[in-house]
Amino acid sequence: MAPMGIRLSPLGMAVFCLLGVGVIYHLYAGVFSNHLSYFRQRKKVDLRDLLAVSVEAAQLGGKEVKRVREEDTLNEKSKGETREGAKELLTMGDLQSHRKMYNLIKNTFPEITVYSEESDSKPDSVSWSRNIPNDMLTLEKGREVSADSITVWIDPLDATQEYTEKLVKYVTTMVCVALEGKPVIGVIHQPFTGFTAWAMVGQGTNMEHRSSYNLNSPKVIVSRSHSGEVKNFLHSAFGNSTTIIPAGGAGYKVLSLLKMHSGQTEPIHEADVYIHITFIKKWDICAGAALLNALGGHMTTLKGENIDFSGTPLNKGGLVASVEVDHKDILAKLPNWDPSKH
């Protein structure tokens, strides 16, 4: 009850409260606005910066891969077996590369989702140098995308089996950025030559396709682990004159479709098509898909479906990869095949 002689008006109280809310709003609106602006900024990622970080991560991981191999401190062990019965090996090269690559990307862009072939959680304080390589300076700066639309796939050491056998020409480290499931950035680094292939779809790449390809009697590059099984599949598709190239590493296989630089100590194979007829992980193929897409090429399932590079790591549809040829013509020649049954 109000003091004797004073009667409080409900309307007056309402006006007083509204004035108080208005004062508080004006006092703190700037603070709230700044915090919201900061939060929004943290949720955006500049794709050119992410490309530069991806290249630096692949190269940093590559140094670890090379160092462990040269010091012969692999300490290899088996993680299990593939569906084809081949051992899945883990070495210190895989782990040390993972720690550098994963932590560099997450330390720089903590909001984005990163999937790696390895799951080691040991932290590393490695940080981005903030260097943009000269050949990327012409790319569009300020193309920002929402962090929650990005999925990053990293392969800290592609071709581990070949790595243990000292067949190091097949070895790569890879980073891929997918935007809404579509590969937009791809990096494939060769630790033992120092060469790095990169691409940002729609913006640029340091790679080129070759001047000619042959689909009449194609050279098809396939996995070493099941080259026998794929032989009948390819002869059925392209005839007995088809040249089959068994090779290690999905990154290497994509590079075999492209024009490579002239400084290779051991020239890589030149293939017309890359085909894989069983399950394969997305960290193995996403970077290659981005490189091919940037050059107008294609990487699809055996049925011609686009591969969704978000969600689960496993691509169950096999793959066909090509550039500067009629991709649909290749698909039309393939026999019916269900990768889940092989």
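The figures here come from the full heavy-atom set of this structure, side chains too, leaving out hydrogens, waters and symmetry mates.
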Decide if atom [atom1] of [X] counts as having more than 12 heavy atoms of other residues, nucleotides or ligands within a radius under 6.0 Å.
X: Lys106; atom1: NZ; result: yes
X: Asp329; atom1: CG; result: yes
X: Lys79; atom1: NZ; result: yes

ILVMFWY network linking [X] to [Y], side-chain heavy atoms under 4.5 angstrom:
X: Ile244; Y: Tyr213; result: yes
X: Ile105; Y: Leu95; result: no
X: Leu334; Y: Trp337; result: yes
X: Val55; Y: Phe192; result: no

Taking the side chain as every heavy atom from C-beta outward, state whether [X] and [Y] have any pair of such atoms under 4.5 Å apart.
X: Ile307; Y: Thr301; answer: yes
X: Ile245; Y: Val222; answer: no
X: Leu50; Y: Ile150; answer: yes
X: Leu314; Y: Lys281; answer: yes

What is the minimum heavy-atom distance between Gly181 and Asp308, and which atoms define it? CA-OD1, 3.4 Å
Of all the heavy-atom pairs spanning Gln190 and Ile268, show the shortest one and how long it is. NE2-CG2, 4.2 Å
Between [Y] and [X], do the side chains contain a donor N or O and an acceptor N or O under 3.5 Å apart?
X: Thr160; Y: Asp94; value: yes
X: Gln161; Y: Ser225; value: no
X: Ser322; Y: His298; value: no
X: His276; Y: Ser223; value: no

Would you mind checking if [Y] and [X] are paired as a salt bridge, meaning a charged N to carboxylate O distance below 4.0 Å?
X: Lys43; Y: Glu111; result: no
X: Glu117; Y: Lys282; result: no
X: Glu64; Y: Arg67; result: yes
X: Glu162; Y: Arg224; result: yes

Can you label the angle between the Tyr102 ring and the His98 ring as parallel, tilted or perpendicular, going by 30° and 60°? parallel
Which residue is it: Trp153, Phe309, Trp283? I am looking for the one with a ring-ring contact (aromatic ring centres under 6.0 Å, His included) to Tyr115. Trp153
Checking the side chain of [X] only, and the main-chain atoms of [Y] only, is there a donor and an acceptor separated by less than 3.5 Å?
X: Asn293; Y: Val201; value: no
X: Arg69; Y: Tyr163; value: yes
X: Arg210; Y: Ala271; value: yes
X: Asp49; Y: Ala52; value: no
X: Asp158; Y: Gly251; value: yes
X: Thr91; Y: Leu74; value: no
X: Thr172; Y: Met174; value: no
X: Asn75; Y: Met92; value: no
X: Lys253; Y: Gly249; value: yes
X: Asp284; Y: Ile280; value: no

When rounded to the nearest 0.5 angstrom, what distance separates [atom1] in [X] from [atom2] in [Y]?
X: His235; Y: Lys231; atom1: NE2; atom2: NZ; value: 5.5 Å
X: Glu208; Y: Lys259; atom1: CD; atom2: NZ; value: 4.5 Å
X: Ile112; Y: Asp148; atom1: CD1; atom2: CG; value: 11.5 Å
X: Asp124; Y: Met101; atom1: CG; atom2: CE; value: 13.0 Å
X: Lys333; Y: Thr242; atom1: NZ; atom2: OG1; value: 9.0 Å
X: Arg48; Y: Ile185; atom1: CZ; atom2: CD1; value: 11.5 Å

Using the side chain to side chain donor-acceptor pair (under 3.5 Å) rule, collect all pairs that involve residues 194-206, keeping only residues at least two apart or in two chains. Gln59-Thr196, Asp135-Trp198, Glu140-Gln203, His189-Thr196
Taking only residues two or more places apart in sequence, or in another chain, which ones meet Tyr170 in a ring pair (Phe, Tyr, Trp, His ring centres under 6.0 Å)? Tyr252
Return each pair, listed once, that meets disulfide (SG to SG under 2.5 Å) where at least one residue sits in residues 98-188; pairs must be two or more places apart or across chains. Cys176-Cys286
For the pair Glu56 and Ser129, evaluate side chain to side chain donor-acceptor pair (under 3.5 Å) and give the outcome as yes or no after the intermediate values. CA-CA 8 Å; Glu56 194 164 307; Ser129 68; 2.6 Å; yes
